[in-house]
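Per chain, numbering begins at 1; letters A, B, ... match sequence-line order.
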2 protein chains.
Amino acid sequence: MSVTIKDIAKLANVSHTTVSRALNDSPLINPETKEKIRLLAAQLQYTPNYNAKSLVLDRSYNLGLFFSTLHTGTSAVFLYEAIKGVNDVIQDRYNLIVRGIDDYTSFHKVNRKSYDGIIVMSQSEADQPFIEYAAEREIPLIVLNRQIENVQVMNMVPDDKRGAYLVVEYLISQGHRQIAIIEGKENFKSTQARREGYREAMEFYQVPLCVDYSQPGNYDLESGYAAMTRLLQLNPRPTAVFCCNDDMALGAIKAITEKQLIVPQDISIVGFDDHIYSGFMTPALTTVRRPMEQISREGAAKLLSFIETKKVEKETIFFHTELVIRDSVTNISGGL
Amino acid sequence: MSVTIKDIAKLANVSHTTVSRALNDSPLINPETKEKIRLLAAQLQYTPNYNAKSLVLDRSYNLGLFFSTLHTGTSAVFLYEAIKGVNDVIQDRYNLIVRGIDDYTSFHKVNRKSYDGIIVMSQSEADQPFIEYAAEREIPLIVLNRQIENVQVMNMVPDDKRGAYLVVEYLISQGHRQIAIIEGKENFKSTQARREGYREAMEFYQVPLCVDYSQPGNYDLESGYAAMTRLLQLNPRPTAVFCCNDDMALGAIKAITEKQLIVPQDISIVGFDDHIYSGFMTPALTTVRRPMEQISREGAAKLLSFIETKKVEKETIFFHTELVIRDSVTNISGGL
DNA sequence: CATAATGATGCACACGTTAACAACGAACTT
DNA sequence: AAGTTCGTTGTTAACGTGTGCATCATTATG
């Protein structure tokens with residue numbers, strides 16, 4: 001069996017309380033005793049039982065990182081950047097538990113005792129019950145990526161709508177008028193925000209909308225390919241396509257290339273997210289930078305401060321999205 | 001405060017023992033009492049304190065998924081496929097704790113009490129101390145992806161060497177003789193295995209090796225770009241390049257395209273891994289399929305069976321890698 | 001009818017840790 | 001010299017749950 005503070009206590013001829021205090025660096029203990037006990041603990045390779053600690057201290061040392069789903073709609077890069085950002089902040093002070101919300105049959109195991117804090121990387125309104133559940137139980141909580149309306153909660157989100165506006169505005173500035181959109185996964189909040197940005201830009205510059213130019217997608221590569229294939233059959237076909245994320249843009253480019261057409265000469269493509277891969281595509285993708293790693297890093301830092309200070313703030317913070325111009329758009333305004 | 005079995009006991013006029021047994025579906029309890037208690041528990045929204053359970057049952061309900069690092073050398077897709085594979089198997093029976101081994105300052109927190117089992121997604125020999133630490137403490141353990149020699153442990157790995165052999169053999173069959181290699185991260189086992197596969201194929205078909213055609217890389221996009229840039233300055237430059245993973249292949253293609261050259265007409269490129277992105281690149285990448293999601297799924301299943309049956313097997317299982325032919329290689333054998 | 005077997009429940013302790021309070025000797029105060 | 005303070009250590013209970021054993025009522029057995 002493993003060694004406990006009582007074992008150490010026996011060998012040191014002190015009570016287990018003294019051992020506990022020595023190992024927790026309590027000022028009550030004589031420095032010499034402290035040193036003796038620590039040496040002993042090291043020799044015996046003592047490791048504390050965190051379950052016992054947790055029980056009495058009412059802290060779990062666990063942080064939850066929850067995604068809407070780990071199955072479809074969560075891109076590899078999104079997951080990667082989120083985990084990396086959070087992990088950079090917490091280092092080895094907490095355990096990071098990763099899970100898809102839709103894997104839960106019941107939220108049974110989600111409570112204050114099991115999680116010191118929770119980060120929800122939210123994409124869909126389907127997360128709402130989960131968020132409310134956690135909020136009701138007063139678990140320190142941060143919701144990232146998706147803007148929340150009803151619940152009072154700390155919320156950090158990229159300005160998707162503005163980003164979409166910017167990139168569509170850019171297409172218009174390059175002379176495009178037949179601008180299609182390949183949309184994200186239905187009932188994802190980001191889908192809606194990006195669609196709104198697209199429409200507002202079109203309206204502001206008085207570019208007519210065409211229903212056929214609006215194609216559904218679900219954020220993955222295949223759906224971008226399929227949607228673009230449909231767009232290519234239209235007459236007249238669009239001169240530019242706004243893909244609601246970079247994965248779908250990649251799928252769209254493939255569909256175009258297979259038809260012996262060239263991006264951007266024949267059709268211009270823009271994406272959204274600015275993946276680590278986006279700058280390396282052929283052609284390099286013009287897109288919108290959404291600082292997910294930064295958001296998750298700052299979200300994690302905020303969460304830790306909530307836990308440590310026991311004060312929670314509740315506000316919505318927007319992170320700027322910015323246009324990244326590369327090589328996937330051509331100017332067709334004819335000289336201007 | 002949260003409700004405990006003692007609270008339920010009071011309300012039901014029974015002892016907490018009875019409540020405990022009722023909720024654990026013990027056959028000792030009268031069905032009616034059982035039903036009454038369960039109803040009460042549901043009404044009070046009782047959730048067990050898993051720390052207390054863990055303490056007395058000596059189970060943590062935690063599974064660790066450890067990567068060599070989360071910083072550099074672990075591609076987004078690799079992380080994604082591993083998490084997805086494992087998560088699919090464990091569902092909500094366990095908590096999945098994700099961490100980079102190099103984040104640990106000490107392995108203090110890694111022990112039987114904290115982890116019911118551990119999956120190491122190993123890439124580097126630097127993981128060796130960690131693996132041995134876990135093995136010594138008799139934590140149910142599975143090591144995936146990298147072949148382990150010294151320690152007796154359950155080991156599941158893709159056949160990297162054979163995969164590399166196959167893809168280089170394919171290049172040779174297409175008439176290539178000036179075949180370069182962009183290598184993976186130094187001291188990653190996979191780097192070594194893929195290099196060996198390359199060399200064996202070259203030797204078997206008696207294609208001369210050229211030292212300049214061997215360029216270092218570290219598995220990320222930028223290093224592929226940089227290595228390819230160096231290769232392009234050589235005279236004669238290679239007609240084909242084996243990039244040790246798909247990310248570097250993408251970087252290499254960018255370097256080539258920027259020099260106004262075309263893949264595969266001017267230079268053929270092959271990769272390794274078969275990312276979800278690889279088929280969607282321009283051109284679609286010829287590569288080697290390494291079934292990471294399958295490996296992590298089967299690894300997780302094996303680990304669960306170890307935990308449940310308390311029997312551990314120790315063997316090395318190889319998973320077949322296979323050639324995936326797409327459009328990034330041209331035949332230069334001149335008609336044959 | 002006395003006794004044994006059975007079914008259902010409670011008592012008391014254990015898991016490993018922390019913390020409030022008590023205890024005790026030594027040093028300091030007046 | 002008696003009382004007070006301080007520094008150090010020990011005693012004991014607590015956190016919430018599970019389990020071996022004892023207990024008690026009820027039913028079956030002879």
Do the side-chain N or O atoms of [X] get closer than 4.0 angstrom to the phosphate oxygens (OP1, OP2) of [N]?
| X | N | result |
| --- | --- | --- |
| B/Tyr46 | D/dT17 | yes |
| B/Thr33 | C/dT9 | yes |
| B/Thr18 | C/dG10 | yes |

Query raised in the report: Does A/Thr17 get its side chain close enough to the base of D/dT11, under 3.5 Å, for a donor-acceptor pair?
Result: yes
**Report entry** Polar side-chain contact A/His16-D/dT11 base: donor and acceptor under 3.5 Å
**Finding:** no
Query raised in the report: From A/Lys185 NZ over to A/Thr69 OG1, what is the distance, rounded to the nearest 0.5 angstrom?
Result: 6.0 Å
Query - Gap separating the CD1 atom of B/Ile97 from the CG atom of B/Asn62, nearest 0.5 angstrom - result: 4.0 Å
Write down the distance between [atom1] ([X]) and [atom2] ([N]), rounded to a whole number of angstrom.
| X | N | atom1 | atom2 | value |
| --- | --- | --- | --- | --- |
| B/Glu32 | C/dA8 | CD | P | 10 Å |
| B/Leu23 | C/dT9 | CG | P | 14 Å |
| A/Ile5 | C/dA19 | CD1 | P | 11 Å |
| B/Asn30 | D/dT27 | CG | P | 13 Å |
| A/Lys34 | D/dT9 | NZ | P | 10 Å |
| A/Asp25 | D/dT8 | CG | C1' | 15 Å |
| B/Lys6 | C/dG10 | NZ | P | 14 Å |
| A/Arg21 | C/dT17 | CZ | C1' | 13 Å |

Query raised in the report: Between A/Tyr80 and B/Tyr80, is the ring centre distance below 6.0 Å?
Result: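 No; B/Tyr80 has its ring centre 6.0 Å or more from that of A/Tyr80.
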Query raised in the report: Considering residues, nucleotides and ligands other than B/Glu313, do more than 12 of their heavy atoms fall under 6.0 Å from its CD?
Result: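 Yes, the 6.0 Å shell around CD holds more than 12 heavy atoms from other groups.
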Requested in this report: Give a yes or no on this: more than 12 heavy atoms of other residues, nucleotides or ligands lie within 6.0 Å of atom CD of A/Glu132.
Outcome: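 More than 12 heavy atoms, drawn from other residues, nucleotides or ligands, come within 6.0 Å of this atom.
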Query raised in the report: Looking across every strand, which nucleic acid part, if any, lies under 4.0 Å from A/Thr4 by heavy atom: base, sugar-phosphate, or nothing?
Result: sugar-phosphate
Query raised in the report: At under 4.0 Å between heavy atoms, what does B/Asp7 touch on the DNA or RNA strands: base, sugar-phosphate, or nothing?
Result: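 Counting heavy atoms under 4.0 Å across all strands, no contact is made by B/Asp7.
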Query raised in the report: Do A/Ser190 and A/Asn145 have a side chain donor and acceptor closer than 3.5 Å?
Result: no
Query raised in the report: Where do B/Asp7 and B/Ser2 come nearest, in terms of heavy atoms and distance?
Result: OD2-O, 3.9 Å
Query raised in the report: Looking at the side chain of B/Ser20, which of C/dT18, D/dG18, D/dT9 is the nearest nucleotide?
Result: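 Of the options given, the side chain of B/Ser20 lies nearest D/dG18.
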Query raised in the report: Which residue, B/Pro31 or A/Ser2, contacts DNA chain C at a nucleotide closer to its 5' end, judged by nearest heavy atom?
Result: B/Pro31
Query - Residue closer to the 5' end of DNA chain C, B/Ser15 versus A/Pro48 (nearest nucleotide) - result: B/Ser15
Query raised in the report: Under a 4.0 Å heavy-atom cut-off, which of residues 49-62 of chain B touch DNA chain C?
Result: B/Leu55, B/Val56
Query - Test item: B/Lys109 and B/Tyr115 side chains (from C-beta on) under 4.5 Å apart, heavy atoms - result: no
